[in-house]
Amino acid sequence: SLMRGCAQVGVHFVNCTPHSLRPATRLVEECEALAAETGGSITIEEDPMTAVSDANVIYSDVWVSMGEEDVFRERVELLRPYQINMDLMRATGHIDDGQVIFLHCLPAFHDRNTDFTHEMGALEVTDDVFEAEFSKVFDLAENRMHTIKAIMVATLQ
C-alpha cells in the first residue's frame, strides 16, 4: 500500500528488501505504471546503502508481524543487514543538512526492553535512530489516530 500510495502522488519510492521478500512482480509493474503517470518512480533494491543514497525519508516496519512468531529467528537473520542504524542514515547524505526523517509504523524493536530484544538487541531500527531529532515516529502515530477518528466519523454518518 505504501508503494502504491507513493506511486499515485509522484514520489520516488525505493523498496529495499532481500530478494526472497520482494513485492510481487505484478504489483511492482502496476506501481511503475502509476508512477510514470505522476512523475514518480519505483525502484527495487537489495543493497541498503545503495537504496538510501540521497533519500529524504527512511521508513521501516516491524520485521516479524503478529502470527509469524514461528519464523521469528529466520526472519531476523534474513533482515539483520537491513537494520536502520546511524551509518545507514548517514548514507542518505542528508543528516547534516536536516533533510531526512525516519518513520516507523510502530511498534518498533529499537532497544533491549522487550522479551525479544533483551538478548538480541535492537531489530529493525537502533535506539539512537529511533530517538534522534530526525525521527518522526510519534508524529506519524499521532496523525494515524486522527485519520482513524475521521474514518470512524465518516462511517457513522
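Sequence positions, counted from 1, serve as the residue numbers for this chain. The figures here come from the full heavy-atom set of this structure, side chains too, leaving out hydrogens, waters and symmetry mates.
Using a 4.5 Å cut-off between side-chain heavy atoms of Ile, Leu, Val, Met, Phe, Trp and Tyr, L156 forms no hydrophobic cluster with any other residue. Annotation for V11: hydrophobic cluster partners, listed by chain and number, are V9 (ILVMFWY side-chain heavy atoms under 4.5 Å, direct or chained). Residue M152 shares its hydrophobic cluster (ILVMFWY side chains chained together at separations under 4.5 Å) with I148. Other residues sharing the hydrophobic cluster of V71, ordered by chain and number and joined by side-chain separations under 4.5 Å: none, the residue standing alone.
The CG atom of D61 lies 7.5 Å from the CD atom of E124; values are rounded to the nearest 0.5 Å. One finds the OH atom of Y59 at 16.0 Å from the SG atom of C16 (value rounded to the nearest 0.5 Å). A distance of 8.0 Å separates SG in C31 from CZ in F13, rounded to the nearest 0.5 Å.
Side-chain contact between Y82 and S60: absent, with no pair of heavy atoms (C-beta onward) separated by less than 4.5 Å. Side-chain contact between I101 and N56 is absent, with no heavy-atom pair separated by less than 4.5 Å. Put simply, the side chain of V153 reaches to within 4.5 Å of the side chain of Q157, judged on heavy atoms.
Every pair passing salt bridge (Lys or Arg N to Asp or Glu O under 4.0 Å) that includes a residue from residues 35-57 is listed here, sequence neighbours excluded: R22-E46. Residue pairs satisfying the side-chain hydrogen bond (donor to acceptor under 3.5 Å, both in side chains) criterion with at least one member in residues 3-17, sequence neighbours excluded, are listed as follows: R4-E30, H12-S41, N15-T17.
Criterion: ILVMFWY side-chain heavy atoms under 4.5 Å apart, direct or through other members. Under it, L34 and L2 are not part of a common hydrophobic cluster.
Contacts of R73 classified as salt bridge (charged side-chain N to carboxylate O under 4.0 Å, His left out), with partners at least two apart in sequence or in another chain: none. Listed by chain and residue number, A7, I42 satisfy the side-chain contact (heavy atoms from CB on, under 4.5 Å) test with A35 (two or more places apart in sequence, or in another chain). Remark: S20 pairs with P18, L78 by the side-chain contact (heavy atoms from CB on, under 4.5 Å) rule, at least two apart or across chains. Evaluation of the salt bridge (charged side-chain N to carboxylate O under 4.0 Å, His left out) rule for E74 yields no partner, not counting sequence neighbours. For S135, the side-chain contact (heavy atoms from CB on, under 4.5 Å) test picks out F102, V137, with sequence neighbours left out.
Minimum interatomic distance between P23 and I44 (heavy atoms only, all atoms of both residues): CG-CD1, 4.0 Å.
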Taking only distance into account, with no hydrogens and no angle test, what donor-acceptor pairs under 3.5 Å do side-chain atoms of residues 85-93 form with protein atoms, sequence neighbours excluded?
unit_1	atom_1	unit_2	atom_2	d
N85	OD1	D87	N	3.1
N85	OD1	L88	N	2.9
D87	OD1	R90	NH1	3.3
T92	OG1	M89	O	2.7
T92	OG1	H94	N	3.1

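Test V52, T126, V129 against I84 for side-chain contact (heavy atoms from CB on, under 4.5 Å) and you get one pass: V129.
For D96, the CG atom counts as loosely surrounded, since its 6.0 Å shell holds 12 or fewer non-hydrogen atoms of other residues, nucleotides or ligands.
Remark: side-chain polar atoms of T43 are not paired, donor with acceptor, to backbone N or O of V14 under 3.5 angstrom.
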